[in-house]
Amino acid sequence: MIGVAILGSTGSIGESTLDVIARHPQRFRVVALAAHSSVEKLLAQCVKFRPEVAALVDADAALRLEQGLRDAGLTTHVLVGEAGLDTIAALTNAPYVMAGIVGAAGLGSALAAARSGKRLMIANKEPLVMAGDLLIAAAREGGATLLPIDSEHNAIFQCLPPGSETGRAPQGVRRILLTASGGPFVDWPQARLETVTPAQACAHPKWVMGRKISVDSATLMNKGLEVIEARRLFGLAPEQVEVVVHRQSLVHSLVEYVDGSLLAQLGSPDMRTPIAHALGWPERLDSGVQSLDLAAAGMLQFEPPDMDRFPCLALAQQAGRAGGLAPTVLNAANEVAVAAFLEGRLNFCGIPAVIEDVLSAAPTGEAADLESILAADADARSRAAAGVSGR
Ligand code: MG
């Protein structure tokens, strides 16, 4: 039995992970669950999966969880705060860790899992964007195995030669192609984009996801962050990562080799496939995902992304090329701008505008250590907040 810890268990990745694990009760045991503040959901998960440890970042929520567990007659130990996440990430009886906490908030626990030599299944792209070099170095030193859950990166990992090492250029690869669904506004003219509401942005046509990543998909920032993520994970140069819009979301990404071979991974758009792949790797596990009926799908289309209507992709590519702290600044400004958009304080086209201002005024420097990364993150957040209220 392999012990698994799930960071972000009440989010969409966490729920899909538990769904896959529940299909393999002889193989996996849920040792720890952690979330931000969703008491009811976490309590229900504890009742069903009986973990030894559960954590909530929010202290009041943790107290309510403790009470609920006692009422349910469970002895699950409750941890509180970000320190609780770090503890869970490093538990010796949970060699597998699913990192599914949205945003920069997942960085500390991802680093803790990497240093503890875990199989780190990384679903949140922000830690890789902010501190990819640190995370990969920590994984190397701690003896951790980093497996990507983001569907595109998992697809690429599946198409790379066996034995490819995280952060090192794979043998014989010319370039990779990241596919993008284009988001819900792929055909909207510029003027109409000004009118996008949070509800429209969160209704993704192909994937069921959390709110932050849904907005990122709609602005194409998600793809921009994924370009940076891919370069970090696979040790590629900027010109080796391309983006192609593929509306059907059936081809999850492609790898082109120097001999001209193009390998793709296809499947129904369901996160349980990459999750089952990472849980089982190098073996294959049943994920509960149904077969993809290609004849019913009929057509696979590919087109270039429109960088004029969706400037977030270009901003991310620019930050990725600049390197150093620029991706950290980009990510922080984006998190603030997206939160403001979701709260109705910024319009859709204001998201790239705020990010561009913060990026252009950001001090450049090396992402040498966690302190400088967190300082750049905090500085970019305060400047982005000022930018939002100034609009
Ligand atoms: Mg993705």
Give the minimum heavy-atom separation between Asp19 and Ser287, together with the two atoms involved.
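That closest heavy-atom pairing would be OD1-O, 4.2 Å.
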Where Ser164 and Pro170 come nearest, the two heavy atoms and their spacing:
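Heavy atoms only, the tightest pair is OG-CB, 3.9 Å.
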Under the criterion side-chain hydrogen bond (donor to acceptor under 3.5 Å, both in side chains), I'd like the reasoning laid out for Asp369 against Ser372: C-alpha separation, chi angles, the key distance, then a yes or no.
CA-CA 6 Å; Asp369 49 40; Ser372 52; 2.8 Å; yes
Please check if atom [atom1] in [X] has more than 12 non-hydrogen atoms from other residues, nucleotides or ligands closer than 6.0 Å.
X: Met1; atom1: CE; value: yes
X: Glu356; atom1: CD; value: no
X: Glu303; atom1: CD; value: yes
X: Gln301; atom1: CD; value: yes
X: Gln200; atom1: CD; value: yes

Report yes if some heavy atom in the side chain of [X] is under 4.5 Å from a heavy atom in the side chain of [Y]; otherwise report no.
X: Leu178; Y: Ile156; value: yes
X: Ile355; Y: Cys312; value: yes
X: Leu330; Y: Ile228; value: yes
X: Leu63; Y: Gln67; value: no
X: Leu315; Y: Pro352; value: yes
X: Arg247; Y: Asp187; value: yes
X: Trp281; Y: Thr145; value: yes

So, the side chain of [X] versus the backbone of [Y]: is there a donor-acceptor pair under 3.5 Å, distance only?
X: His252; Y: Asn154; value: no
X: Thr179; Y: Val251; value: yes
X: Arg231; Y: Gly320; value: yes
X: Lys212; Y: Glu335; value: no
X: Gln240; Y: Arg174; value: yes
X: Asp306; Y: Arg309; value: yes
X: Thr195; Y: Ala191; value: no
X: Lys223; Y: Leu313; value: no
X: Thr166; Y: Leu233; value: no
X: Arg50; Y: Val47; value: yes

How long is the gap from [atom1] on [X] to [atom2] on [Y], to the nearest 0.5 Å?
X: Leu285; Y: Arg272; atom1: CG; atom2: CZ; answer: 13.5 Å
X: Leu220; Y: Ser181; atom1: CG; atom2: OG; answer: 8.0 Å
X: Phe28; Y: Phe49; atom1: CZ; atom2: CZ; answer: 12.5 Å
X: Ser9; Y: Gln45; atom1: OG; atom2: CD; answer: 4.0 Å
X: Leu292; Y: Leu266; atom1: CG; atom2: CG; answer: 6.5 Å
X: Leu325; Y: Asn331; atom1: CG; atom2: CG; answer: 12.5 Å

Phe185 and Phe348 aromatic ring geometry - parallel, tilted or perpendicular at 30°/60° bounds:
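Perpendicular: the ring planes of Phe348 and Phe185 meet at over 60°.
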How are the rings of His277 and Phe157 set to each other: parallel, tilted or perpendicular (split at 30° and 60°)?
perpendicular
Is [X] salt-bridged to [Y], going by a charged N under 4.0 Å from an acidic O?
X: Glu152; Y: Lys125; answer: no
X: Asp86; Y: Arg115; answer: no
X: Arg383; Y: Asp379; answer: yes
X: Arg232; Y: Glu229; answer: no

Report the C-alpha distance between Glu126 and Leu107 in whole Å, list the side-chain angles of each, state the deciding distance to 0.1 Å, and finish with yes or no for side-chain contact (heavy atoms from CB on, under 4.5 Å).
CA-CA 8 Å; Glu126 292 86 352; Leu107 177 57; over 6 Å; no
Does one hydrophobic cluster hold both [X] and [Y], with members joined at side-chain heavy-atom distances below 4.5 Å?
X: Val227; Y: Phe310; value: yes
X: Val241; Y: Leu146; value: yes
X: Leu128; Y: Ile13; value: no
X: Ile351; Y: Leu359; value: yes
X: Leu79; Y: Ile101; value: yes

Where do His24 and Asp286 land on the side-chain contact (heavy atoms from CB on, under 4.5 Å) test, with the steps shown first?
CA-CA 8 Å; His24 302 279; Asp286 174 25; 4.2 Å; yes
Under the salt bridge (Lys or Arg N to Asp or Glu O under 4.0 Å) criterion, do Asp58 and Arg64 qualify, and how do the steps go?
CA-CA 10 Å; Asp58 184 276; Arg64 280 186 285 140; 5.2 Å; no
Taking it one step at a time, do Val173 and Tyr257 satisfy side-chain contact (heavy atoms from CB on, under 4.5 Å)?
CA-CA 4 Å; Val173 170; Tyr257 285 87; 3.8 Å; yes
Start with the C-alpha gap between Thr17 and Ile149, add the side-chain angles, then the distance that decides, and say whether side-chain contact (heavy atoms from CB on, under 4.5 Å) holds.
CA-CA 11 Å; Thr17 304; Ile149 299 296; over 6 Å; no
